[in-house]
Amino acid sequence: MATPKKVETKKKVSTKKTSQATTARKRRWSAYKTYKKLDLVQMDKELLAFWKKNKVFEKSVEERPKSKSFVFYEGPPSANGKPGIHHVMARTVKDTFCRYRTMKGMRVERKAGWDTHGLPIELTVEKELGITKEDIGKKISVDDYNKQCRKTVMRFTDLWNDVTTKMGYWVDLKNPYITYENNYIESVWNILQRLYKKGLLYKGYTIQPYSPAAGTGLSSHELNQPGCYKDVKDTTVVGQFKIKREEHSEFLFARENEDVRFLAWTTTPWTLPSNMALAVGKKITYVKVDTYNPYTFERVSVVLAEDLLGKWFKESNLDGDFEAFETSEKKDRSKIPHQVVEKFKGNLLVGVNYEQLLPYVKPEGDAFRVILGDFVTTSDGTGIVHIAPTFGADDKRVGEQNGIKGLTVEDENGNPTPLVDKQGKFVKEAGELAGKYVKNYKDDANYENIDVEIAVKLKTENKAFNVQKYEHNYPHCWRTDKPVLYYPLDSWFIKATAAKKRMVELNKTIQWKPAHTGEKRFGNWLENLNDWNLSRSRYWGIPLPIWRNEEGTKEICIGSIEELKKEVAFANKKLGMKQSVPKDLHRPYIDDVVLCSKDGEKLTRELDLIDVWFDSGSMPYAQWHYPFENKDKFKRNFPADFIAEGVDQTRGWFYTLHAIATMAFDSVAYKAVVSNGLVLDKDARKMSKRWGNAADPFKTIDKYGADATRWYMLSNAQPWDNLRFNEEYLDETRRKFFGTLYNTYSFFALYANIDKFNYSEKEVPLRQRPEIDKWIISLLNSLVKEVDADYADYEPTNAARKIQTFVMDNLSNWYVRLCRRRFWKGEMSKDKLAAYQTLYTCLDTVAKLMAPIAPFYADRLYQDLNKVTGKEKHISVHLAFIPKVNEKVIDKDLEQRMDYAQRISSLVLSLRKKENLRVRQPLQRVLLPILDKSFQKQVEAVKDLILSEVNVKEFEYITDTSGVVNKSIKPNFKTLGRRLGKNMKAVSQKVAGFGQEEITAIESKGGYTLDLDGEKIDLSLEDFVITSADIPGWSVANDGSLTVALDISLTESLKAEGMARELVNRIQNLRKSKDFNVTDRIKVSIEHHEMLEKAISEFGDYVKTEVLADSIELSNSIKGDKVDLDGVMLTFDVRKN
RNA sequence: UGCGGUGUGGCCAAGUUGGUUCUAAGGCAUCCGUCUGAUACACGGAAGAUCACUGGUUCGAGUCCAGUCAUCGCAACCA
């Protein structure tokens, strides 16, 4: 395609041959590479090979000075899963800015990384081995289990490396950091020790999500796996808690033997045996209601929040007939009367004691009284909350504040344990409930719902006021799909709350893209920080480097292998052992290491592992094995200038990086962060394997090429907006942007090859180049300036769109189109040289500007250009530099007048269209009303361009517009608005009423004094906006302030010329269809028709020149091709002469 | 439920500090044409939007404020 068809057909002189012939003469000339078609996929392959062979990536780092580093951190993906299209998105963002900085002369060292620990890997292994958590250490040794994990986790690394390479993401894959390696672990230990030394580590007993089915605690991250929160229907119970009649509670009793009870609602009846207290709200109003229990029909007075009365009692039964109900034989549950007898604030209830609801186990210490809870609301339940400190975080906290412990029994080892054990079943002390599971954890077909059982029991014992099914959202274990329990577990915490203030401060110095993610989402998260639960009771992860004695009174936190060695030696000496530091720091080996306190007490390792998020948050240090190695490198590379990941990392990696850096180094970990949005399918649904709508990154890249994929992703939506991924647009990107750019290059290459242009000539000074060259160079420099700024500000979308507009609209569709003739006509001249140099500069610059986003095609383009000219020594665009803007050549006036030219042309073409006058038909003149001098000057400079573009003979400016042009006037709101304020409306109405005379008067006087209800207002010419709206009797078009009229009258001569052009067109078509060579001379005979006579007589020579005809004649007897000319079929005889 | 984002023609989307030059860019798709020595994945034109809704501030609101709705994401022990 790049070479004309004729050139490719045999037997004919081809430009290729010509160029080869010349090559022989000019030895150093080599042709610009031309292509049959644009094949981005093929280009990908070639460039990948080229980059690899020439170590371009390595050079792009090493060629930049160490002193100018731009630091980027790669968030480690887990190689346990396959890469998806959203990874391509995230990595495009990362790659773009790294490449950009490289091209700004900076050294961007970027180490790949792998996140290798964590639950997903363990679960994959368990699934594949067909084992459960409980089997570890029994059916399979921890050692073998971990070996399996290590093997499993890197299984998709090939796929990841492949996608990384194919999409053109440059990152050092050869030396990645891997979180399971000893060096990495050692660094993590070191960081942890720093925190330990600052007193930021503590062990605490807290309520955590726990999966009995999986036998393990769950992190909040795990709880937030998609689909974990499910709507479930649970049996809920409103319990009746019998109040003890005491001095303190006397106010609640009126009658003798009155049965007064608290009502408290729960969705987890199985926690009722563990009830220890009831919580009320301080300011909530409670009422005592006299009524009957709906199950036992016993008379009872119940206490609940006033606001929730309507939820549990029928309005119609208020103050119903107690006596009638009492005496009726058949008690109708729906007719139970009730009466509000007492009203009081919650704080009055505090301290009231009640009887234990389900007395299986007697508690130690204080219990069964009313306390205050700040979390109590009246949006649900009864306004009184059942408190079971062993099974709720709030419960535990509020219990502790009031000196009420959780209900526990001693297990076989004498340790306190809740009434439900870690398998999720009731302990033996729980009476008839003993041994029963609280949920169906074992998939037992005969499982009986324990909640129902409890509810039934309570009903019969007059302890339930209401039992019903209730649908609510409850978390489930993502692995086992079973409901989670909130369960007390021993854990190590990082006191993140202590560093909260500093974290907030430091966060304010970070440049977030978009800003709201940092200010709001991340900011709010920091404001509501909790301590960081570090503990994971698992096997495959970094072991907690803390050794303790049994009582927990003595402990050592290890910060290096060296230190561990010393401690081991010390312990060996003290305890007479022969231990050594294991080669692998993972469990189980490390568990065997026993250390020793100074006074000779045995210390064993805390069995927990460290949360994997701590692993990844430590990567700035651990990736370099800091502080044990690479101290300089670390210094150069901390903190990061830039990181980027998906928004989902806000509370993940973005947080852990920030938290660790703040606490350990009192520094930010990154100065700028781009959080990109989700990649959705074209219907805005989340991509997931389940829907089958997930785009395969490999297929996408293989089909459209990496550049089109990357360009589409960044140009279509800003990275932080969700992207609706739609293949159609990918194809459009390829066709429109890359296709146009490719065509532009092909055009250049075609003629440059013919003319042997290799930029060896001296640069034609810009002032000697024609207007249009100055214009495109001006635009080009404006583009450089803006795109550079956009990249620097992490605004890739703006950059891409600007480049795209430049290439498609300005370079291809205007510059090249208008300049075509300059390239093909005649021998090399200064003008032609200027055209080549200008176009070359544009292409070369575009290649550099687009290189960060579209690294493949940009490099192809750059290389194809530079190989011939040798203008730059770099072998790849990625070793080159973003061009410096030349402010001097930016000419906004020029840009404006070309804009006029484009718009005026467009208006004329639109008029032609309206009047049905094809462009081939020349017209005499265009009328242009001139409203100010500078406008005329501007237009005059581009007059010829417009005329040739729209095929019109002359311009006529209407300067004295009075009487010719109908003008319209309106006030200039911008200048007047502030001045006139409220009067604006009245003025605007007056101005709207102005006729042509007034407008003319204003123009000639240069102002106007307006009378507004007696108030004189002086207005200058600037206070009006005058436009020419219409020219009576002419065909007129408007575009903003531009008005153009077209003289559509056709003289005979114009018609004839139009016909001549039609003839040229038809004859050229025939030449083409007959496969004549461009240089063949021809002779033409045309069937006689009177409409041709004048065309031939007046413009015959023109036609002959255009079509290379030696003769052209009209004749009546012609055999040849039938051709349609203005609706008449005529015979043409065109033959070689 | 709370927090945050988004809501502009069939689709993708521009739209700074409010200004009748936003009488709302551009692209895709649609329709109608055109050029043709870049033979095209080209060019031109047309049609298509009460800027989610309601109210407010203002002389003036796509733009600012409040509320509502829709949608997406995040968070959550909610009893």
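Letters A, B, ... are given to chains in the order of the sequence lines, protein chains preceding strands, and every chain is numbered from 1. In this text, all values refer to a predicted model and were calculated from it rather than measured experimentally.
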With sugar-phosphate taken as primed atoms, P, OP1 and OP2 and all else as base, the protein-contact string of nucleotides 7-13 of chain B at under 4.0 Å (heavy atoms; B, S, -) is ----BSS
Any chance you could list the contact pattern along nucleotides 61-67 of chain B? Use B for base contacts, S for sugar-phosphate-only contacts and - for none, protein heavy atoms under 4.0 Å, 5' to 3'. -------
Could you work out the separation of [N] and [M] based on their [atom1] atoms and round it to a whole Å?
{"N": "B/rC28", "M": "B/rG44", "atom1": "P", "value": "10 Å"}
{"N": "B/rA40", "M": "B/rU63", "atom1": "P", "value": "48 Å"}
{"N": "B/rC77", "M": "B/rA66", "atom1": "P", "value": "30 Å"}
{"N": "B/rC53", "M": "B/rU71", "atom1": "C1'", "value": "15 Å"}

Of A/Phe973 and A/Asp648, the one whose closest RNA chain B nucleotide lies more 5':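 Taking each residue's closest nucleotide, the earlier one in sequence belongs to A/Phe973.
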Assign each of A/Asp809 and A/Arg734 to its nearest nucleotide of RNA chain B by heavy atoms, then name whichever residue's nucleotide is nearer the 5' end. A/Asp809
In whole angstroms, how far is the [atom2] atom of [N] from the [atom1] atom of [X]?
{"X": "A/Gln649", "N": "B/rA75", "atom1": "CD", "atom2": "P", "result": "11 Å"}
{"X": "A/Asp721", "N": "B/rG4", "atom1": "CG", "atom2": "C1'", "result": "13 Å"}
{"X": "A/Met808", "N": "B/rA38", "atom1": "CE", "atom2": "C1'", "result": "16 Å"}
{"X": "A/Phe747", "N": "B/rA40", "atom1": "CZ", "atom2": "P", "result": "16 Å"}
{"X": "A/Glu519", "N": "B/rG4", "atom1": "CD", "atom2": "C1'", "result": "12 Å"}

Base, sugar-phosphate, or nothing: which does A/Tyr751 touch, judged by heavy atoms less than 4.0 Å apart?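 Contact class for A/Tyr751: sugar-phosphate only.
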Taking A/Leu741 as the fixed residue, which of A/Ile803, A/Val807, A/Leu38 is the one that meets the side-chain contact (heavy atoms from CB on, under 4.5 Å) rule? A/Val807
Check this for me: A/Lys520, atom NZ, are more than 12 non-hydrogen atoms of other residues, nucleotides or ligands nearer than 6.0 Å?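 Check fails, neighbour count at 12 or below.
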Using a strict 4.0 Å threshold on nitrogen-to-oxygen distance, state whether A/Lys513 and A/Asp793 make a salt bridge. yes
Taking any strand in view, what nucleotide pairs with B/rA42 in a Watson-Crick or G-U wobble way, both distances under 3.5 Å?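 Here B/rA42 is engaged in a pair, and the nucleotide opposite it is B/rU34.
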Student check: side-chain heavy atoms of A/Leu750 and A/Thr34 closer than 4.5 Å: no
So, do A/Phe747 and A/Phe823 have ring centers that fall under 6.0 Å from each other?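 So the answer is yes for these two rings.
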